[in-house]
Amino acid sequence: MIQLLERAEKFADRTAIISEGREYSYGELLTKSAAVAGTLLAGRADLHEERIAFIVPPSFGYVACQWGIWRAGGVAVPLCTAHPLPALRYVLEDTLATVLIVHDDFVDLLAATARELDIRLLPLATLPAAAVPEEAPPTTIAPARRAQILYTSGTTSLPKGVVTTHANLEFQIKTLVEAWAWQADDRILNILPLHHVHGIINVLSCALWSGACCEFLPKFQANVVWEKLADGSLTRFMAVPTIYYKLISYWEKLDESDQTRLSAGARNLNLMVSGSAALPVPTLERWRTLTGHTLLERYGMTEIGMALSNSFHGERRPGHVGLPLPGVEMRLADEEGRTIHLDHTPGEIQIKGPGVFLEYWQKPAATQAAFTADGWFRTGDVAEKNDGLYRILGRDSVDIIKSGGYKISALEIEAVLLRHEAVAECAVVGVPDEEWGEVVAAAVVSPQEKPDFAALASWLQERIPGYRVPRRWLHLEALPKNTLGKVTKNELKKQF
Ligand code: MLC
Ligand code: AMP
């Protein structure tokens with residue numbers, strides 16, 4: 001968000017980003033983002049919230065594009081580098097993007113689509129290193145303007161664009177910087193994708209707000225991450241529970257001397273955070289034994305940024321997500337919408353505050369439905385308060401699955417599956433899994449005697465992101481249904 005750029009002037013000589021083996025200063029970020037903005041503006045004074053999509057792996061280039069778009073008055077639409085073409089095309093069409101900035105690796109994949117949709121394709125490699133001084137745009141953009149659109153899967157079959165303003169993002173960042181005591185001499189490793197809030201806000205933007213340094217690894221690899229955690233250069237690390245699970249599994253296969261070395265190195269960090277999905281207590285305890293760190297678990301969502309957090313200085317209670325962050329208003333509501341004041345009484349988490357998103361992009365009815373009449377955002381997550389701290393109990397919809405920290409809509413997968421000739425009827429559910437939290441599972445009624453599920457999975461892989469492809473399959477004569485003909489998904493889950 002635009003205030004990040006204003007602050008960056010103060011840190012010009014400090015290292016902002018480490019990527020591809022090189023250090024980049026805040027000053028270099030300002031210079032390059034001015035060049036991106038100048039190119040996007042091409043003589044105009046303001047993009048007036050044109051949607052600018054960009055597909056760039058986590059790197060200096062990613063941040064330069066993000067900041068350049070903001071600087072020019074555009075709305076940043078980061079695309080996932082691992083998504084197949086139909087998923088990318090959906091976002092380009094839905095946002096009505098006017099420009100697509102592409103890293104070299106994606107030019108071939110996207111050139112024809114951009115042409116077809118009449119979107120200007122801007123290869124990252126062709127952007128100038130610095131702006132012509134008279135074209136360098138100012139960094140004053142009103143905080144109430146739209147800044148970013150991220151796509152989230154929900155209880156509809158198509159993902160929705162979550163629009164946040166510069167003011168929303170500023171609040172989401174500042175509340176975390178304050179609660180987790182970010183300092184300019186912090187250094188964090190980012191291994192998360194940069195099309196979701198966990199990577200964009202909690203890791204990258206909190207670091208850059210603070211004058212700290214964010215180091216990118218292009219992809220999660222347990223061995224590389226362990227070496228980085230142990231080499232003494234980092235102060236902070238944040239990840240989803242699946243990543244901690246994978247790091248533990250890797251460590252357990254090492255010989256004793258490597259285990260001792262890596263564990264001792266990791267002790268020196270000042271903060272390790274887990275979020276985006278429930279952190280199983282055994283994972284928290286094992287990690288504490290390995291590294292001495294009690295993971296700080298917090299709770300958030302694309303629409304609101306982070307809302308609840310365990311304490312940086314005080315108690316971090318296993319299985320709990322703490323209390324509302326500074327400035328976040330939160331309540332638990334019962335089914336009639338009444339506020340619950342009692343402990344140990346489950347209710348829906350509802351949120352108000354400056355971090356709450358503006359709207360679902362071009363979906364006024366969905367936006368309205370997401371809020372109560374008196375303005376609370378309905379998260380769909382159920383929690384209770386236990387002896388002063390909140391604990392997440394689950395979601396109110398069986399159609400939302402969390403796998404590897406990614407939110408997945410069962411309805412979206414069902415809608416695609418039904419287009420395949422081997423599928424007459426289907427139902428998708430999330431099945432509990434130690435490593436992934438949940439794995440996607442599909443039950444299929446087929447006109448074929450023996451449907452080929454491996455072939456069906458490959459067919460899906462070309463159409464939807466890989467992590468949404470079912471890992472478990474069941475061929476059924478009929479789906480379990482209630483008297484109204486609705487699939488009883490909780491029954492189905494038991495069959496897996
Ligand atoms: C991948 N695989 C899966 C899978 N994803 N299997 C089951 N379920 C899944 N979800 C399999 C692949 O098929 C492959 O199998 C193997 O795992 C490795 O695949 P990969 O793509 O290389 O996976 P990897 O890089 O290891 O990815 C794991 C991960 C990733 C945990 C790093 O899922 C990830 O980055 N998750 C973070 C998502 C995130 O940022 N969420 C935040 C949303 S914001 P094989 O057999 O081929 O080896 C939000 C708000 C908030 O939630 O509160 O933060
Ligand atoms: P997303 O919509 O991808 O931003 O994912 C947000 C969802 O992740 C929330 O609505 C929760 O269901 C889930 N989530 C995030 N953090 C936690 C947590 N600490 N424990 C349990 N669920 C979480």
Side-chain angles (χ1 to χ4, degrees), residues 58 80-83 150-155 159-160 162 164 172 176 190-204 217-222 224-225 238-247 249-250 273-281 283-284 295-310 316 318-322 348-349 351 357 370 377-383 390-397 400-409 430-431 433-441 454 457-458 460-461 464-472:
C80 174
T81 53
H83 279 189
L150 301 180
Y151 276 76
T152 187
S153 295
T155 44
K160 299 191 285 284
V162 175
T164 36
Q172 292 180 10
L176 288 181
N190 181 71
I191 33 99
L192 293 169
L194 288 184
H195 64 292
H196 283 305
V197 291
H198 197 161
I200 299 173
I201 301 294
N202 300 21
V203 180
L204 173 64
L217 285 181
K219 190 174 166 23
F220 170 71
Q221 285 172 290
V224 183
V225 170
M238 297 181 193
V240 300
T242 300
I243 288 180
Y244 288 106
Y245 182 96
K246 285 173 178 284
L247 289 171
S249 307
Y250 175 83
V273 177
S274 172
S276 304
L279 174 66
V281 174
T283 307
L284 176 143
L295 289 171
L296 186 158
E297 185 173 6
R298 80 334 175 257
Y299 158 87
M301 194 174 182
T302 306
E303 286 88 335
I304 57 177
M306 297 304 110
L308 295 162
S309 172
N310 273 291
R316 298 181 192 172
H320 291 70
V321 290
E348 183 190 25
I349 301 179
I351 302 289
F357 75 126
F377 172 69
R378 310 175 44 130
T379 63
D381 290 305
V382 178
Y390 289 97
R391 172 182 160 78
I392 310 282
L393 300 171
R395 291 197 59 94
D396 63 6
S397 167
I400 291 182
I401 302 166
K402 263 271 163 164
S403 186
Y406 282 114
K407 186 157 146 193
I408 298 170
S409 162
V431 178
D433 183 87
E434 226 190 330
E435 179 170 8
W436 297 98
E438 289 181 297
V439 285
V440 179
S458 318
L460 272 179
Q461 194 97 36
I464 60 173
Y467 58 84
R468 294 184 199 162
V469 175
R471 263 50 195 195
R472 296 179 58 187

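Just so you know, these numbers come straight off a predicted model, no measurement behind them. Quick note: numbers below take in every heavy atom, side chains included, and nothing from hydrogens, waters or symmetry partners. Atoms within each ligand, like the ligands themselves, are counted from 1 in listed order.
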Taking the side chain as every heavy atom from C-beta outward, state whether P280 and P241 have any pair of such atoms under 4.5 Å apart. yes
Going by heavy-atom distance to atom 53 (O) of ligand 1, choose the closest among Q461, M301, R298. R298
Please write down residue, atom name and distance for the protein heavy atom closest to atom 9 (C) of ligand 2. D381 OD2, 3.2 Å
Can you tell me how far OG1 of T242 sits from CZ of F220, rounded to the nearest 0.5 angstrom? 9.5 Å
Between CG of D381 and CD1 of I349, what distance do you get to the nearest 0.5 Å? 5.5 Å
Nearest non-hydrogen protein atom, atom 13 (O) of ligand 1: R471 NH2, 2.4 Å
Apply side-chain hydrogen bond (donor to acceptor under 3.5 Å, both in side chains) to K402 and list each qualifying residue two or more places apart in sequence or on a separate chain. none
Might you work through the side chain to side chain contact (heavy atoms under 4.5 Å, CB included) test for V240 and W436, ending with a clear yes or no? CA-CA 10 Å; V240 300; W436 297 98; over 6 Å; no
Quick check: do K407 and H196 have side-chain heavy atoms less than 4.5 Å from each other? no
Looking only at protein heavy atoms, which one is nearest to atom 31 (C) of ligand 1, and what is the separation? I243 CG1, 3.7 Å
Between N202 and R298, is there a side-chain heavy-atom distance shorter than 4.5 Å? yes
Protein residue, atom and distance nearest to atom 34 (C) of ligand 1, heavy-atom basis: Y406 CE1, 3.8 Å
Got L284 and R316 here, is their nearest side-chain heavy-atom distance under 4.5 Å? no
Side chains of S309 and L176, heavy atoms from C-beta outward: is any pair under 4.5 Å? no
I need the nearest protein heavy-atom contact for atom 35 (O) of ligand 1: residue, atom name and distance, please. P193 CD, 3.6 Å
If you scan the protein for heavy atoms around atom 45 (P) of ligand 1, do you find one that is closer than 4.0 Å? no
Q221: which residues meet the side-chain hydrogen bond (donor to acceptor under 3.5 Å, both in side chains) condition with it, sequence neighbours left out? none
E434, CD atom: more than 12 neighbouring heavy atoms under 6.0 Å: no
Between P465, G405, A457, flag the one that comes closest to atom 43 (C) of ligand 1 by a heavy atom. G405
With heavy-atom distances below 4.5 Å as the criterion, would you say the side chains of E297 and V321 are in contact? yes
Please indicate whether R378 has more than 12 foreign heavy atoms, meaning atoms of other residues, nucleotides or ligands, lying under 6.0 Å from its CZ. no
Ligand 2 contact by T152, heavy-atom criterion under 4.0 angstrom: yes
Give the residue and atom name of whichever protein heavy atom lies nearest to atom 1 (P) of ligand 2, and the separation in Å to one decimal. T302 OG1, 3.4 Å
Determine, stepwise, if the pair I243 / V225 fulfils side chain to side chain contact (heavy atoms under 4.5 Å, CB included). CA-CA 10 Å; I243 288 180; V225 170; 5.8 Å; no
Numbered atoms of ligand 1 (with element) below 4.0 Å of V197, judged on heavy atoms: 44 (S), 50 (C)
Answer yes or no: does an N/O atom from S276 fall short of 3.5 Å to an N/O atom of ligand 2? yes
Report yes or no: does a heavy atom of V321 sit under 4.0 Å from some atom of ligand 2? yes
Report yes if some heavy atom in the side chain of R468 is under 4.5 Å from a heavy atom in the side chain of H83; otherwise report no. yes
Nearest-neighbour protein heavy atom for atom 36 (N) of ligand 1, which is reported as residue plus atom name and distance: G404 O, 2.9 Å
Which atoms of ligand 1 have any heavy atom of S403 under 4.0 Å away? 8 (N), 9 (C), 10 (N)
Any protein heavy atom at under 4.0 Å, with atom 40 (O) of ligand 1 as the reference point? yes
Could you check atom 25 (O) of ligand 1 against the protein and tell me its nearest heavy-atom contact, residue, atom and distance included? K219 NZ, 2.7 Å
Which residue and atom name correspond to the protein heavy atom nearest atom 9 (C) of ligand 1, and how close is it? W436 CE3, 3.4 Å
Report the nearest protein non-hydrogen atom to atom 21 (C) of ligand 2: residue, atom name, distance rounded to 0.1 Å. A278 N, 3.3 Å
Protein contact for atom 6 (N) of ligand 1 (heavy atom, distance under 4.0 Å): yes
Taking atom 17 (C) of ligand 2 as the reference point, the nearest protein heavy atom with its distance: A277 N, 3.6 Å
Taking the side chain as every heavy atom from C-beta outward, state whether Y406 and P465 have any pair of such atoms under 4.5 Å apart. no
Under 4.0 Å from any heavy atom of R298, which atoms of ligand 2 are there? 16 (N), 18 (C), 19 (N)
Looking only at protein heavy atoms, identify the closest one to atom 52 (O) of ligand 1 and say how far it is in Å. K402 NZ, 2.6 Å
Please lay out, stage by stage, how K246 and E435 fare under the test salt bridge (charged side-chain N to carboxylate O under 4.0 Å, His left out). CA-CA 7 Å; K246 285 173 178 284; E435 179 170 8; 3.0 Å; yes
Under 3.5 Å between any N/O of G275 and any N/O of ligand 1: does that happen in this structure? no
In Å, rounded to the nearest 0.5 Å, how long is the span from OH of Y244 to CG of L279? 8.5 Å
Tell me the nearest of S276, G466, A82, G305 to atom 49 (C) of ligand 1, using heavy-atom distances. S276
Any N or O on E297 sitting closer than 3.5 Å to an N or O of ligand 2? yes
Here the atoms of ligand 2 under 4.0 Å from any heavy atom belonging to G300 are 6 (C), 7 (C), 9 (C), 15 (C), 16 (N)
Should K246 be listed as contacting ligand 1, given a heavy-atom distance under 4.0 Å as the test? yes
Note: ligand 1 atoms sitting under 4.0 Å from heavy atoms of G300 are 53 (O)
Would you check whether H198 reaches within less than 4.0 Å of ligand 2, judged by its heavy atoms? no
K402 and ligand 2 - part of the residue with a heavy-atom distance under 4.0 Å: side chain
